[in-house]
Structure formats: C-alpha cells, structure tokens
Amino acid sequence: MADWKNLDTLESYKELEKVEKVDIAKELSGANGAERVKKYSVKGAAGMTFNYAAKAVDDKVLAALKKLAEEAELADKYAELYNGAVINTGEKRLVLHQLTRGQLGKKIEVDGEDKRAFYVEQQNRIAEFANKVHAGEIVNEKGEKFTTVVQIGIGGSDLGPRAMYLALENWAKKSKLFKMEAKFISNVDPDDASQVLNSVDVSRSIFILVSKSGTTLETLTNESFVKDALKNAGLDPAKHMIAVTSATSPLAGNPDYLDAFFMDDYIGGRYSSTSAVGGAVLSLAFGPEVFADFLLGAAEEDKLSTEADPMKNPAMLDALIGVYERNVLGFPSTAILPYSQGLSRFPAHLQQLDMESNGKSVNRFGEAVDYVTGPVIFGEPGTNGQHSFYQLLHQGTDIIPLQFIGFKNSQLANDVVIQGSTSQQKLCANVAAQIVAFACGKKDENPNKNFKGGRPSSIIIGEELNPKTLGALLAHFENKVMFQGFLWNLNSFDQEGVQLGKTLAKKVLARETDGALSVYSDLLNI
C-alpha cells in the first residue's frame, strides 16, 4: 500500500524548493535554445508530443521532480486506483473511469459484478441503439428518422460531452461520418432550453436525460421543459427520450423512456465523457465506431501513464511541473490555450475537471493543508484569445503558466492560400510565435513596449484533431489532475463544495429563509 503524505512533509519537496531557479528567457533565447526545444520533449499517446522547453526547468529541476515522483509514490498510487482501491476517501468509493476504456490492472469486481464487463455491456447496448436509430429502425411517431440528438444534463453531464462533440463535429463531416446534429441543454435558466428547442425540429429530435441519481434539480426541471414542448407539438415524450442513469435510479426501467443506459457511482461526472454519459450522445452523433476510436486514444494514454519514470510519462511530468509552478514558484493560475477551433469548449471542461477535483483545502483525511493546491483554470482558443486576455498574460503583474495545444493539420479537407501561406500555417505560426514571445520577451526603451518575458508555457502537439487524439488529450489532462491530487494528498474525486449552494437554493424555493438570504430572495422576486 502506498503511503499518503502531505506535500510539505516530503524530503524531496524540501530539496526541490532549494534548487536554483531557471531563467527561461536566457535558456530559450541563447545559443542552445534550438537544442533545448528538441531535448525537452516527450512522446505521448496517439502520436502526440508534450514539449516543455519553455517551462522554467532544467536538468537539476527535473532530477528533483523525479525524486519527488518517487517519494510521493505516484506510480504506485495510480496502480492502486486502477486495481480497485478506495481512492475516493470522501465518499468511500473506487475510482474507475479508466476502466471504461481498458483493463490496466486486475479484474475489478463489486458485489460480484465484473465492472469492466459492465462498462463494455453498456457501450455495446448504446452502439446497438445508435445503429438502429441511424438505420431507421427506431423512428418517431410518423415513421421519420431522427435527425437531432439533444443531451439534457449539467456539470460533467454537459461540459465534457459538449466539448468532445464540438471537437469532432467538423472532422466527422469531412470524414463522411456525421450522423446527427447534437445540442445540449444544461442551465436551469429557461432561456437555455428555450433557445435549443427553438433551433431544432422537436418531432425529429431524440432527447437524452443524464442524471446518475435521477433527482438532479436542474436536469429534471429541463426535462419537464422538454416534455411540455413535445406535448405541445402533439408528441408522446416517451417515444422521444432515453436516459443515462444508474441502474437503481427512478429513471431505470421507466416506461417514460425508450431505453436507459447505465453508469455507476465509481465514475465522477467530470470524468464521465468515456462512459455512457458521453457514449450515448457521441455514438448517436457520429456512430459507435468513432466513439470506439475515442476510447482507444484514451486507453493508450492511460497505459502510458502507468510508466513510473516521469521523463517517459507526459501526464505525470506535466503534473510535476504544474505543482512546481504552483507551490515553489507561486503562480496562482494556468491558462489553457488550444490553437484549434474544435477545442473551443475544451478549456471549460478542464476548468471543471481541475478546479472541482483539486479545489480543496483539506487533505484526503480531512485535515487542513498548509500549502496552496489547485490553480485557477481559464482559457480560450487561439487566435481569439490573443485579441482578448493575452495583454495581461504578456505584460500583467501576475505570471500565469500557459498550456498550448496545437495540431499540424486542420480538420478541413481543403484550405486556402492567402499571402503565400494557408490559414492553418498562419494559425501554427501564431502559436510558435507566442511561445517564444512569452518566454523571451523584448527589450524596449519605451516601458509600455517592454516585454520582460519569463512567462512559462508548454505545448501538446498532434498531427490532427480526430477521435483518437482527442481521447489521448482528454486522458492526459485527467491523469495530470489525478497525479497533482496525489502530490497534494487530496481526494480529487468528490466535490462537497458544489453542495452548499444547492442546499440553500432549496431553502429559498421552500420559503425557509431568514436574514441576508431572505433579503436577497426578495430582491430577486422569488
């Protein structure tokens, strides 16, 4: 069994704090800059590469980080996770999202049920259902094929699946694999559901209600909104809706749904894109084969993450550098900057993944920690972000580490050449320029035009954004967040901070308020 200790009690962490700091501008702009870019790179899954040459590290820092990984027993803790240990200490649960895409360790049984077999069974059931919808064997009341799928869910039931759908939409159209348009309803704000419903033909839409418990307030409210719209159109909601839920929820085996596909308590919402939560909508939108390739990419990255040497494990190395930046260098935030329009909602998904997992001030035993933990995550795709918040990133008073994501090729079948270069070449030129500009800066006698540089960044580079590379990218960040939670001695798999506001909102709706809560309720005319 691994030994779970707070970060600041580890001898290797104390040694890391004493290692001489690295001047990125000097390292990257000097004579050895080109060699550094080639050297500080590690191969990832699905042909991806993690390059960290513009990070504030050198061989001495990396050696100290390797010692930290060993003393913190990161590889052993990951092995405990995929071998079925109770890693989620807050809820006393196993953590099995990796099992949705492959068997890394021993067979996991819960109450006599093989969990890998259970997840595969659900994937097969979803594939069969999706194929029948695409073949016109499951149709609307008029015998017409469904053309749109609408997912109703919030948090992990929305952010991940929505980000994955948008990432693959153009690729699927180019590859002639696009089956159905997907839309998403998440916010309890009635304008959200109304806007989506006004943009689709409800008679030819199939709706996926996603709620593990079957009691999520926002999701059930939006379900009622959708059912009213179907009834007002003279349609039977039961012939337009499926559920993704737990086998014990009130949605399972319910005649109000065409079918129900199951998840369980061992996969948290923010880790659920490779479960039935993402599987149903992505299989309907693109076909089960595309979803299967997505799982393959994630499985390949998971396998790579079992490597004990962080110099061969990009997710672990990314996590170690991130903890070094947060706890030793004192940087409070991280920007996720994908230079791919398909990843427009990927930063929003990573925001939940990271901040809900590691936004904790007590360790896995409920004891307060004396060091900072998860950073603030934000981001937008390039080049849009360059014309938005990059000013602060370049010349603001805070240094914010950057994680770029780029692809050599676009998802388009064709591109245009303007002024001697394609659009994709212009995009890639911008990300290359930004990495060097952030790291090296530019001296100018005019203080307003002076760039200090020293702004650290990494980049994950792939050939093309497709199902396999997307799966690998998703798993990279999931495993990075997990490794950082191990280093901080946190439980990265519960989210008690989400619950308090929900509880108070129920009190407001039940008219059980007093004091400030009562006055705010009156101000909002509740």
Side-chain angles (χ1 to χ4, degrees), residues 12 15-45 47-69 304 307 309-331 334-339 382 386 390 393-395 399-408 425 427-443 450-463 473 476-477 480 483-484:
S12 54
E15 291 176 20
L16 178 65
E17 290 182 300
K18 298 174 185 176
V19 177
E20 184 179 355
K21 306 301 183 290
V22 175
D23 183 338
I24 314 169
K26 182 179 178 182
E27 293 289 330
L28 205 59
S29 60
N32 296 322
E35 288 303 313
R36 178 182 172 88
V37 175
K38 295 174 185 177
K39 177 182 178 182
Y40 288 142
S41 184
V42 58
K43 289 183 179 180
M48 309 281 276
T49 299
F50 174 62
N51 187 290
Y52 54 99
K55 287 291 192 181
V57 299
D58 59 10
D59 290 350
K60 292 180 180 178
V61 173
L62 292 171
L65 290 175
K66 188 173 181 179
K67 284 185 180 179
L68 179 61
L304 189 58
E307 170 61 58
D309 182 357
M311 299 303 110
K312 299 176 183 177
N313 183 335
M316 185 186 289
L317 180 58
D318 197 0
L320 287 160
I321 293 173
V323 168
Y324 176 62
E325 290 174 332
R326 184 77 177 105
N327 295 86
V328 178
L329 302 182
F331 303 146
T334 298
I336 309 295
L337 308 170
Y339 275 63
Q386 293 177 199
Y390 277 38
L393 299 184
H394 275 292
Q395 293 183 304
I399 292 179
I400 297 173
L402 318 166
Q403 289 207 289
F404 291 100
I405 302 167
F407 296 92
K408 298 175 186 178
Q425 287 171 330
L427 180 72
C428 291
N430 270 276
V431 69
Q434 290 293 335
I435 292 170
V436 174
F438 278 118
C440 300
K442 179 180 76 73
K443 291 183 179 180
N450 188 63
F451 293 77
K452 292 182 179 179
R455 314 275 166 147
S457 70
S458 63
I459 183 169
I460 297 173
I461 303 171
E463 292 292 330
L473 192 64
H476 171 94
F477 281 101
K480 173 194 172 182
F483 283 129
Q484 288 188 326

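Fair warning: this is a prediction, and the values are worked out from it, not measured in the lab.
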**OP:** Please step through side-chain contact (heavy atoms from CB on, under 4.5 Å) for the pair F407 and E463, ending with a clear verdict.
**Re:** CA-CA 5 Å; F407 296 92; E463 292 292 330; over 6 Å; no
**OP:** Report the C-alpha separation of I459 and I405 in whole Å, then their side-chain angles, then the decisive distance to 0.1 Å, and conclude whether the side-chain contact (heavy atoms from CB on, under 4.5 Å) test is met.
**Re:** CA-CA 5 Å; I459 183 169; I405 302 167; 6.0 Å; no
**OP:** Quick one: do Y390 and Q434 satisfy side-chain contact (heavy atoms from CB on, under 4.5 Å)? Show the steps, please.
**Re:** CA-CA 10 Å; Y390 277 38; Q434 290 293 335; 3.5 Å; yes
Subject >> Residue pair V61, V22: steps toward the side-chain contact (heavy atoms from CB on, under 4.5 Å) verdict >> reply: CA-CA 8 Å; V61 173; V22 175; 4.1 Å; yes
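At least one donor-acceptor pair closer than 3.5 Å links the side chain of R455 to the backbone N or O of L393. Checking side-chain atoms of Q395 against main-chain N and O of N450 turns up a donor-acceptor pair under 3.5 Å.
Residue Y52 comes nearest to S458 through the heavy atom pair CA-CB, 4.3 Å, listed as atom of the first residue, atom of the second, then distance. When every heavy atom of A54 is checked against every heavy atom of I435, the shortest pair comes out as CB-CG2, 3.8 Å. Of all the heavy atoms in V37 and A53, the pair that sits closest is CA-CB, 3.5 Å. A pairwise comparison of heavy atoms in A64 and V19 identifies CB-CG2, 4.0 Å as the closest pair. When every heavy atom of I399 is checked against every heavy atom of P456, the shortest pair comes out as CG2-CD, 3.6 Å. When every heavy atom of S41 is checked against every heavy atom of T49, the shortest pair comes out as OG-CG2, 3.0 Å.
Few gaps surround NZ on K442; more than 12 heavy atoms of other groups in view lie less than 6.0 Å from it. In K60, the NZ atom is not crowded: 12 or fewer heavy atoms of neighbouring residues, nucleotides or ligands sit closer than 6.0 Å.
The CE atom of M48 sits 8.5 Å away from atom NE2 of H476, with the distance rounded to the nearest 0.5 Å. Once rounded to the nearest 0.5 Å, the distance linking CZ of F404 with CG of N51 reads 12.0 Å. Taken from CD in E27 to SG in C440, the straight-line distance is 10.5 Å, to the nearest 0.5 Å. Taking NZ from K21 and CD1 from I24, the interatomic distance works out to 13.0 Å, rounded to the nearest 0.5 Å. F331 CZ to R326 CZ: the interatomic distance, rounded to the nearest 0.5 Å, is 11.0 Å. To the nearest 0.5 Å, atoms CE (M311) and CG (L317) are separated by 4.5 Å.
Residues K66 and D59 are not paired through a salt bridge, judged by the lack of any N-O separation under 4.0 Å between the basic side chain and the carboxylate. Between K312 and E307 there is no salt bridge, since no side-chain N of the basic residue sits under 4.0 Å from a carboxylate O of the acidic one.
When each of L68, L62, N313 is tested with L320 by the rule side-chain contact (heavy atoms from CB on, under 4.5 Å), just one qualifies, namely L68.
Contact annotation: the side chain of F483 never approaches that of V323 to less than 4.5 Å [non-hydrogen atoms, C-beta and beyond]. Residues I460 and L473 form a side-chain contact, since some pair of their non-hydrogen atoms from C-beta on lies under 4.5 Å apart. You'll find the side chain of Y40 stays beyond 4.5 Å of the side chain of K55, heavy atoms only.
Checked by atom type, the side-chain pair Q386/Y339 shows a donor-acceptor distance below 3.5 Å. Between the side chains of Q403 and D318, at least one donor-acceptor pair of N or O atoms lies under 3.5 Å.
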